[in-house]
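Working notes, structure below.
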Amino acid sequence: MNKINVVRPSMPPIEEYVEEIKSIWENRWLTHTGPKHQELERALPAWLGAKCVSLFCNGHMALEAAFSQFPAGSEVITTPFTFASTTVAIVRCGLVPVFCDIESEHYTMDPNQIEPLITEKTVAIAPIHVYGNLCNWRRIQEIAGRYKLKVIYDAAHAFGVWDGDIGVGALGDLSMFSFHATKVFHTIEGGGLAYANPQLSRKFAAWRQFGMFDGEQSEIIGTNAKLTEFAAAMGLCGLRHLEEEIKLRQLAVQRYRERLTGQKGLVLCAEQPGVHSNYAYMPIQIQSKLFGCDRDTVALRMAKQEIYVRKYFYPLTSEFPVCQERFFVQKTPIASDISERIVCLPLYAGLTAEDVDRVCDSLLACRS
Ligand SMILES: *Cc1c(COP(=O)(O)O)cnc(C)c1O
């Protein structure tokens with residue numbers, strides 16, 4: 001039996017990648033906004049429904065570029081049910097994370113809990129489209145508008161998600177995308193910011209190049225966060241296969257739903273009406289009493305059969321020592337509860353129906 005990992009990076013046929021990088025040998029332009037970088041920056045807005053996209057060396061640095069616009073000490077309302085990066089980016093930019101609870105259905109920020117957290121120091125709301133589930137963006141926008149706050153989405157999971165004809169990259173002031181190897185679309189390592197205001201492009205280009213606008217001196221405090229031409233070339237290849245890959249993911253998710261819907265003690269994430277999903281993850285909650293086995297035991301037993309699930313997201317970022325030691329951390333009971341029960345099952349393009357059956361058989365066998 002071969003092992004089944006929770007994710008498997010997509011790769012184009014090797015000949016296609018070699019063809020794509022040949023021109024790099026001709027022009028010797030390896031990094032710093034080369035032709036591949038420019039081509040990818042031009043191609044991405046259409047996929048995201050955004051006006052502009054700026055590229056970075058990874059998603060995390062894109063988040064730091066977004067948060068670095070605020071004065072140190074300002075507060076950012078976010079949720080702790082996310083990958084480390086969201087909270088760490090806020091903290092590294094000298095800002096204070098204020099933790100809002102999530103909704104129990106799609107695990108995104110609960111708009112009803114935002115307003116009591118707003119103070120005179122609040123500058124932004126930073127919600128996360130977890131697992132590709134869209135946040136309740138209309139309500140969030142309405143609140144942000146009333147209090148004149150910026151909205152910065154962590155859309156790392158949501159590449160290619162559309163709400164009707166509105167692309168995820170059109171939401172809020174800025175949306176961050178991760179192009180890490182394990183994401184639905186990737187450039188090996190890489191990331192981007194999507195936004196509507198074209199004047200920001202120059203600023204982000206300077207920020208990722210030591211804060212230099214004209215190449216002589218730093219005018220803002222930037223860093224080195226450039227995407228290489230080899231990474232951009234991988235992205236250009238990936239875009240050609242993306243639609244068919246999302247189809248394959250969808251088939252795997254359908255098979256999971258057929259096998260697991262209605263099983264006692266398992267809670268699947270409901271599909272969002274009207275939303276075109278990217279089928280990025282397959283999260284399920286395991287209610288240990290009803291199911292007859294708890295989440296951690298399930299993960300251990302499945303690993304014995306070389307099936308690797310991931311406790312994603314556990315623990316909450318608000319429980320990290322770096323938060324506990326530095327900040328007053330708000331209680332988020334729903335997020336705490338779900339993080340104890342959640343697990344992501346293997347999902348990637350190329351996971352066959354037989355693979356899904358093996359995962360489901362192994363999961364369901366934990367009951368006895
Ligand atoms: C992957 C991810 C990031 C960070 O992206 P990198 O490209 O790995 O730096 C941030 N937030 C979430 C929710 C992620 O899943």
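For ligands, and for the atoms within them, numbers begin at 1 and follow the listed sequence.
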Got a salt bridge between K331 and D101, using NZ or NE/NH1/NH2 to carboxylate O under 4.0 Å?
no
Taking the hydrophobic residues Ile, Leu, Val, Met, Phe, Trp and Tyr, and joining any pair whose side-chain heavy atoms are under 4.5 Å apart, which ones share a cluster with F81?
F83, I102, Y107, I128, V130, Y131, Y281, Y312, F313, L316, I334, I338, I342
R240 and salt bridge (Lys or Arg N to Asp or Glu O under 4.0 Å): which single residue from E16, E245, E19 fits?
E16
Dump the pairs for me: ligand 1 N or O, protein N or O, distance under 3.5 Å, to 0.1 Å.
from	atom 1	to	atom 2	distance (Å)
ligand 1	5 (O)	S178	OG	3.2
ligand 1	7 (O)	G59	N	2.8
ligand 1	7 (O)	S178	OG	2.7
ligand 1	9 (O)	G59	N	3.3
ligand 1	9 (O)	H60	N	2.8
ligand 1	11 (N)	D154	OD1	3.4
ligand 1	11 (N)	D154	OD2	2.7
ligand 1	15 (O)	H157	NE2	2.9
ligand 1	15 (O)	K183	NZ	3.1
ligand 1	15 (O)	Y312	OH	3.1

Backbone N/O of H157 and side chain of N278: donor-acceptor pair under 3.5 Å
yes
Name each donor-acceptor pair under 3.5 Å that joins a side chain in residues 160-167 to protein atoms two or more places apart or in another chain, with its distance.
from	atom 1	to	atom 2	distance (Å)
W162	NE1	W47	O	3.4
D163	OD2	W137	NE1	2.9

For T82, enumerate each residue passing the side chain to side chain donor-acceptor pair (under 3.5 Å) test, keeping only those at least two apart in sequence or located in another chain.
T86
